[in-house]
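Report on one structure; see the data block that follows.
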Amino acid sequence: MILLVTGCALAVLPLLAILMHLLREGASSIDLNFFTQVQKPVGELGGGMAHAILGTAAQVGLAAGLGVPLGLACGIYLAEYGGRERLAGPVRFALELLASTPSILVGVFVYGVIVVPMKKFSLFSGALALMVILLPLVARTSEELLRLIPQHLREAGLALGLPRWKVILSVVLRSAWPGVWAAILLGIARIAGETAPLVLTSFGNPTFPRGLDQPSASLPLQIYTYAISPFDEWHRLAWAGALVLVFTVLALNAITRLTGGSNERRRAD
Amino acid sequence: MKADRIFIQILRAAAGVSLLILAAFFIQMFWSSLPALRAAGMSFFSGTDWDPNQDVFGAGAFIYGTLVSSLLALLIAVPISVATALCLTEIFPAKIAGVISFLVEMLAAIPSVVFGLWGVFVLSPLLRSSVQPFLSERFSWIPLFSGPPLGIGMMSAGVILAIMITPTLTALAREVFLSIPTLQREAAQALGATRWETIWIAVLKNAKSGLWGAIILGWGRALGETMAVTMVIGNRPQISASLFAPAQTLAAVLANEYAEATSDLHLSALSALGFTLLLVSTIIHLGAKFWIRRGRES
Amino acid sequence: MSADEQTKLQPRIELETIGLQAYFGETRAVHGVSLRMPRHRLTALIGPSGCGKSTFIRCLNRLHEEIPGARAEGQVLLEGEDIYRRGVDPVLIRRRIGMVFQRPNPFPTMSIYENVASGLLLAGVKDRRTLDPIVERSLKQAALWDEVKDQLKRTGTRLSGGQQQRLCIARALAVEPPVLLMDEPTSALDPISTARIEELLLELKKAVTVVMVTHNMQQAARISDQTAFFLLGDMVESGPTDAIFTNPKDQRTEQYITGRFG
């Protein structure tokens with residue numbers, strides 16, 4: 001019995017250790033410069049993460065703008081038409097495989113189909129990679145949540161003489177919306193912390209992104225760059241960046257969990 | 001209704017796009033691996049030398065690093081996760097269990113690169129200064145614990161991976177335990193079993209095939225994990241018996257070399273590593289699903 | 001009552017099925033039923049569970065076909081026009097045939113007001129000056145106005161079961177359908193709520209043609225004008241309610257209403 005509780009303590013310990021170190025190493029480095037400055041050349045003190053925060057916002061925003069509607073459409077397709085559409089089985093299978101794929105491979109894929117033909121790394125390709133990761137997350141949870149809406153609500157809508165699309169959007173989706181919205185936020189939190197695929201797509205950039213077709217920094221990637229560098233000044237910034245990233249992501253998670261009450265919904269795979 | 005027909009066409013298009021993405025994914029990975037696989041043949045998988053400057057590409061060391069680091073992670077994470085899941089379902093009162101599972105879920109939400117950062121600056125130094133010297137003093141006769149304690153290396157990667165897959169494994173194990181009917185537990189208790197015996201007889205024994213599925217799914221996660229591993233494993237494609245030595249994994253080498261690769265053959269060889277990883281993780285995922293389904297039916 | 005007098009009393013047939021068959025995949029659930037449902041009369045469909053009466057009523061507004069693999073054959077005439085004719089849009093048919101279900105199903109995300117107005121709101125009518133009187137009229141028709149007039153902004157799911165069911169009736173009535181289908185509307189309710197809804201139906205049928213599935217023979221006897229008895233997918237017999245209950249022609253009907261099976 002003591003063994004079990006020890007195991008449980010070991011599972012929680014790393015979280016506390018990581019949060020503690022983040023606060024201790026990172027908190028002192030978060031100042032106005034952190035949010036307004038870009039990366040300084042090696043050897044100069046100071047510098048910040050403004051370019052990386054902007055880059056992450058742009059890539060995640062673009063990925064969500066494409067991935068959320070697409071994912072929702074797939075979720076609706078599977079939940080509302082799954083019983084009578086021949087494509088439903090293959091689509092569900094495809095989304096499951098996409099969700100189980102290591103994210104670095106999404107980077108390799110997008111590198112092959114976007115970066116190579118365009119002959120350069122770009123913010124746009126990074127956003128596409130994040131979109132490919134977001135799509136199955138949104139699609140699969142929204143399918144699950146839409147299926148939980150009882151059939152009799154759909155029938156009530158249809159019996160009123162409403163067209164099916166209207167019943168689906170105004171009655172079914174609207175009823176499932178709190179959970180779907182939570183799933184979308186969790187998905188966004190997840191892609192906001194993705195690093196591996198961006199190494200091969202948006203690549204990183206020490207200054208502000210200049211356009212969709214230009215390489216772009218992002219917060220996780222910049223943390224990586226700073227962390228593996230040999231400079232103390234950059235390590236300090238890496239910790240500060242990690243602190244900002246983790247607290248953004250954890251806040252998104254905590255809020256959706258505590259308000260949506262959908263903690264049972266999240267599948268570990 | 002015309003609007004309904006347009007609506008379903010839009011949904012079909014979206015569904016088609018996700019099918020297309022998956023198809024393009026596999027085709028692209030396969031296509032870009034072909035040149036390297038043609039050039040190296042089967043020696044691509046058996047060879048252990050990787051020297052892009054000499055156009056020598058053997059994936060052996062990466063496959064070895066991937067297998068060993070992920071198995072080490074499972075070795076550490078499985079007992080911890082099963083214990084945690086048992087605490088959550090069998091032992092703790094609902095309130096404490098709620099807090100613990102919330103914390104474990106939060107651990108799952110931390111981005112990989114942050115684990116890497118913590119691994120580089122906290123975990124590896126800790127292993128180097130205390131754990132590894134201890135092990136090499138007592139157990140240096142075991143090859144696993146031979147060599148100088150470097151910190152960065154296979155052991156760091158295994159430990160960081162273990163931390164990262166613990167939430168996944170815990171959640172999966174918890175689901176498996178929850179699916180066991182209360183009746184089974186009551187039956188064991190009625191026979192006079194102690195709490196521990198009840199857990200052993202009624203819960204763990206019934207959960208066996210579901211747990212295997214969970215472990216395989218967790219393994220799949222560990223295989224593909226990239227950033228944290230690349231930051232702590234040392235990035236050296238070598239096969240060393242010692243867990244203290246640097247190593248390299250399939251996923252980590254992609255993050256390290258892909259963007260900097262210059263020759264077409266080097267790129268293709270990296271793609272082939274990716275394709276290998278894609279096939280392995282797909283097979284593992286499907287296998288685990290099959291196992292879990294079998295567990296539910298029995 | 002002779003057949004002649006019958007025709008005089010019931011000058012118009014609102015809804016009529018001719019050889020209606022319903023399938024789930026390959027299974028036939030309704031075997032060629034022909035039934036006339038006269039205007040401003042209450043037709044009750046009775047029979048043991050699984051007899052096809054619910055499937056039958058769901059064919060009358062083409063809701064049956066919304067279940068994957070389900071389809072219907074034969075004719076259903078609404079004021080003489082076949083609603084299963086090619087090119088007929090089921091959405092337009094359902095606007096003329098309202099339906100109330102076994103379990104009260106108000107839309108959980110909408111207020112009482114929005115629920116009643118939902119058929120119009122979701123069809124694009126947003127003007128309060130148009131909607132207000134319709135909501136009031138429908139709630140009054142459903143005998144719910146006095147109970148909810150001060151809390152129209154609250155969600156409908158906070159009401160009691162009986163109130164929710166009357167809310168659903170108001171919702172169906174708001175689009176002014178000439179026909180109202182009811183699929184066991186009181187089976188999930190307590191006796192007092194049931195009595196209220198029965199009273200309401202007696203009032204409603206002066207303006208609306210009602211077709212009601214019920215598992216409760218006393219209910220059919222109390223409020224319906226015409227009764228049809230279903231058994232194993234067939235309609236065994238139909239006729240004026242008092243005739244069916246006092247002098248059934250078919251032995252199976254007699255056995256059922258005297259409680260010997262089902």
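For clarity, every value in this text was computed on a predicted model and none was experimentally measured.
- Looking at B/Thr230, only its side chain comes within 4.5 Å of chain A, counting heavy atoms on both sides.
- Contact count versus chain A (heavy atoms, under 4.5 Å) is highest, among B/Val104, B/Val122, B/Leu86, for B/Val122.
- For a residue to count as touching a neighbouring chain, one of its non-hydrogen atoms must lie under 4.5 Å from one of that chain's; by this rule A/Leu169 touches chain B with the side chain only.
- Using a 4.5 Å cut-off between heavy atoms, B/Ala77 does not touch chain A at all.
- Interatomic distance, CG of A/Leu10 versus CD1 of B/Ile80, reported as 4.5 Å (0.5 Å rounding).
- Both the backbone and the side chain of B/Leu254 come within less than 4.5 Å of a heavy atom in chain A.
- Contact detail for B/Ser18 and A/Cys74: the closest heavy-atom pair is OG-SG, 3.6 Å.
- To the nearest 0.5 Å, atom CE of residue A/Met20 and atom CH2 of residue B/Trp118 are 9.5 Å apart.
- Put simply, of B/Leu270, B/Leu103, B/Ile100, B/Thr166, the one with the most heavy-atom pairs under 4.5 Å next to chain A is B/Leu103.
- Between chain B and the options A/Leu243, A/Leu19, A/Val106, the largest number of non-hydrogen pairs under 4.5 Å is found for A/Val106.
- Comparing A/Leu87, A/Val5, A/Ile228, A/Leu13 by heavy-atom pairs within less than 4.5 Å of chain B, the highest count is held by A/Val5.
- Of the atoms belonging to A/Leu70, heavy atoms from both backbone and side chain fall under 4.5 Å from chain B.
- Within a 6.0 Å radius of CZ in B/Phe290, other residues, nucleotides and ligands contribute 12 heavy atoms or fewer.
- Closest heavy-atom contact between B/Leu19 and A/Pro90: CD2-O, 3.6 Å.
- Taking CD1 from A/Ile104 and CG from B/Leu277, the interatomic distance works out to 9.0 Å, rounded to the nearest 0.5 Å.
- The greatest number of non-hydrogen atom pairs below 4.5 Å with chain B, out of A/Val116, A/Val199, A/Val246, A/Leu105, is found for A/Leu105.
- To the nearest 0.5 Å, the span separating CD1 on B/Ile8 from OH on A/Tyr81 amounts to 5.0 Å.
- For the set B/Ala251, B/Ser112, B/Ala3, the count of heavy-atom pairs under 4.5 angstrom toward chain A peaks at B/Ala3.
- The residue among B/Ser32, B/Gly224, B/Ala83 with the most heavy atom pairs within less than 4.5 Å of chain A is B/Ala83.
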For this session: Might you work through the side-chain contact (heavy atoms from CB on, under 4.5 Å) test for A/Phe109 and B/Leu278, ending with a clear yes or no?
Result: CA-CA 11 Å; A/Phe109 164 57; B/Leu278 181 64; over 6 Å; no

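- The NE2 atom of B/His285 lies 6.5 Å from the CG atom of A/Leu97; values are rounded to the nearest 0.5 Å.
- Other residues, nucleotides and ligands place more than 12 heavy atoms under 6.0 Å from the CG atom of B/Leu34.
- For A/Phe231, the CZ atom is densely surrounded, since the number of other residues' heavy atoms within 6.0 Å is greater than 12.
- Distance check: A/Leu22 CG to B/Leu117 CG gives 7.0 Å after rounding to the nearest 0.5 Å.
- Both the backbone and the side chain of A/Ala254 come within less than 4.5 Å of a heavy atom of chain B.
- The minimum heavy-atom distance between A/Gly112 and B/Gln28, with the atom names listed, is CA-NE2, 3.2 Å.
- Both the backbone and the side chain of B/Met106 come within less than 4.5 Å of a heavy atom of chain A.
- Side-chain atoms of B/Asp4 come within 3.5 Å of backbone N or O of A/Arg164 as a donor-acceptor pair.
- Here the shortest heavy-atom pairing between B/Val114 and A/Ala242 reads CG2-CB, 4.0 Å.
- Considering only heavy atoms from C-beta on, A/Glu96 comes within 4.5 Å of B/Lys289 through its side chain.
- In this structure, B/Phe7 and A/Trp165 have tilted ring planes: the angle between them lies in the 30° to 60° band.
- The choice from B/Arg12, B/Met231, B/Glu225 that makes the most heavy-atom pairs within less than 4.5 Å of chain A is B/Arg12.
- Put simply, the residue from B/Ile163, B/Leu123, B/Ile110 that forms a side-chain contact (heavy atoms from CB on, under 4.5 Å) with A/Pro14 is B/Ile163.
- Closest heavy-atom contact between A/Leu200 and B/Tyr258: CD2-CB, 3.3 Å.
- Contact count against chain B (heavy-atom pairs under 4.5 Å) is highest for A/Tyr77 among A/Phe203, A/Tyr77, A/Phe121.
- Interface residue B/Leu267: only side-chain heavy atoms are found under 4.5 Å from chain A.
- A pairwise comparison of heavy atoms in B/Phe121 and A/Ala227 identifies CZ-O, 3.7 Å as the closest pair.
- Residues A/Val108 and B/Phe25 form no side-chain contact, since every pair of their non-hydrogen atoms from C-beta on lies 4.5 Å or further apart.
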